[in-house]
Amino acid sequence: MTVVGHVTLALLGLACVFPIYWMYATSLRRPDDVYKTSVLPWPLSVGSYRDALDELDLARLLLNTTMVAALTALGQLLTSILAAYAFAVWNFPLKRLLYLAFVGTWLVPFQVTMLPNYVLLHQLGLLNTLTGVIVPNLVSALGVLLLRQHFDSFPKELLEAARIDGRSSWSTLWTVVVPNLRAALSALAILLFVNAWNEYFWPAMVLQRDNSVLQLGINSFLNSTEVEAWGPLTAAAGLACLPIFALYLALQRQVINGFVRSGLR
């Protein structure tokens, strides 16, 4: 039974990894070999990457997209920590009702809120700016939901000891609770960052320039090229994935600990 389970997991892992491998394999083929179905791209060529760099200002796109994703994830993580700590540790009237209402916002489709947000950004003069993409997404109900579970399971003895020691709630949060939940926070941070990095619809609404963020730049490149440009397109997509891979490698140990030990799903 164990062998069957391992084989099944290996097949599922292969099914997940193969599309990524095929993207990079296609990007490393010569222009005349793009449609070949050989598993190994040989002879190798970086011509597609040169063409992608010539067509797209990838440095600027990567910088803008990284800034938007990082600030969005940081804002969501900060608000999630504060809200989850309040819901888990403090007692106040209508606490349960407010928590259910807060989490219920997670179930509201984006299409319901996009028009009010768009009108508000227009009134604030934030349309066609990166700030307009970031500000409406600084709160994540999912982040609050996940972190509250960790704060609920945090040893109450440590919180009581911090209170007896004379620490304020603010000091207890940042010097006692957060350092002991680094694994869970790292796992949530990478989830929030990837979600913000992959967002396309909202930046497409707010921004009117194709050279603003990576998603819009690649989409503009896709619409402005012929079918023969699949090599440069896969090269651009491959470069767009590199920051995500780098982030995962940097936080790999914390992410694994967060998923395995702390129960973050």
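Quick note: residue numbers are just sequence positions, from 1.
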[X] side chain to [Y] main-chain N or O, any donor-acceptor pair under 3.5 Å?
X	Y	result
N64	V213	no
Y49	L239	no
T105	F102	yes
Q215	W197	yes
S171	S168	no
T172	L159	no

(message) Determine whether L82 and L173 satisfy the following criterion, side-chain contact (heavy atoms from CB on, under 4.5 Å), listing intermediate values before the conclusion.
(response) CA-CA 9 Å; L82 297 177; L173 172 63; 3.8 Å; yes
Are [X] and [Y] packed together at the side-chain level, in the sense that at least one heavy-atom pair is separated by less than 4.5 angstrom?
X	Y	value
F201	M205	yes
L121	P136	yes
L126	V133	no
L62	P243	yes
I164	E160	yes

To the nearest 0.5 angstrom, please state how far the [atom1] atom of [X] sits from the [atom2] atom of [Y].
X	Y	atom1	atom2	answer
F154	N180	CZ	CG	4.5 Å
S169	W90	OG	CH2	5.5 Å
L63	L214	CG	CG	11.5 Å
L40	L28	CG	CG	11.5 Å
L242	L58	CG	CG	10.5 Å
C16	L11	SG	CG	11.0 Å

(message) A quick test of your reading: do over 12 heavy atoms of other residues, nucleotides or ligands sit less than 6.0 Å from OH of Y118?
(response) no
(message) Atom CH2 of residue position W174 - does it have more than 12 heavy atoms of other residues, nucleotides or ligands inside 6.0 Å?
(response) yes
Starting from [Y], can I reach [X] by hopping between I/L/V/M/F/W/Y residues whose side chains sit under 4.5 Å apart?
X	Y	answer
V7	L14	no
F245	I190	yes
V177	L78	yes
L77	V178	yes
F18	W42	no

Nearest heavy-atom neighbours spanning [X] and [Y]:
X	Y	answer
S45	R30	CB-CG, 3.6 Å
S140	S80	O-OG, 3.5 Å
A70	F193	N-CE1, 3.6 Å
L61	G217	CD1-CA, 4.1 Å
A84	F151	C-CD1, 3.3 Å
G132	V206	C-CG1, 4.0 Å

(message) Would V144 and W106 count as a side-chain contact (heavy atoms from CB on, under 4.5 Å) here? Give the steps.
(response) CA-CA 10 Å; V144 176; W106 181 37; over 6 Å; no
(request) Please say whether the positively charged group of R29, taken as NZ for Lys or CZ for Arg, lies over the ring of W22, i.e. under 6.0 angstrom from the six-membered ring centre and within 45 degrees of the axis. (result) yes
(request) Could you go through the side-chain contact (heavy atoms from CB on, under 4.5 Å) check for L97 and Y99 one step at a time? (result) CA-CA 5 Å; L97 180 60; Y99 176 72; over 6 Å; no
(message) Angle between ring planes, F87 versus F92, binned at 30° and 60°: parallel, tilted or perpendicular?
(response) tilted
(message) Would you call the rings of F110 and W202 parallel, tilted or perpendicular, taking 30° and 60° as the class edges?
(response) perpendicular
(message) side-chain contact (heavy atoms from CB on, under 4.5 Å) for L147 and L185? Distances and angles first, verdict last.
(response) CA-CA 8 Å; L147 285 184; L185 294 175; 3.7 Å; yes
(message) Taking the basic N atoms (NZ, or NE/NH1/NH2) and the acidic carboxylate oxygens, is any pair closer than 4.0 Å for R148 and D152?
(response) yes
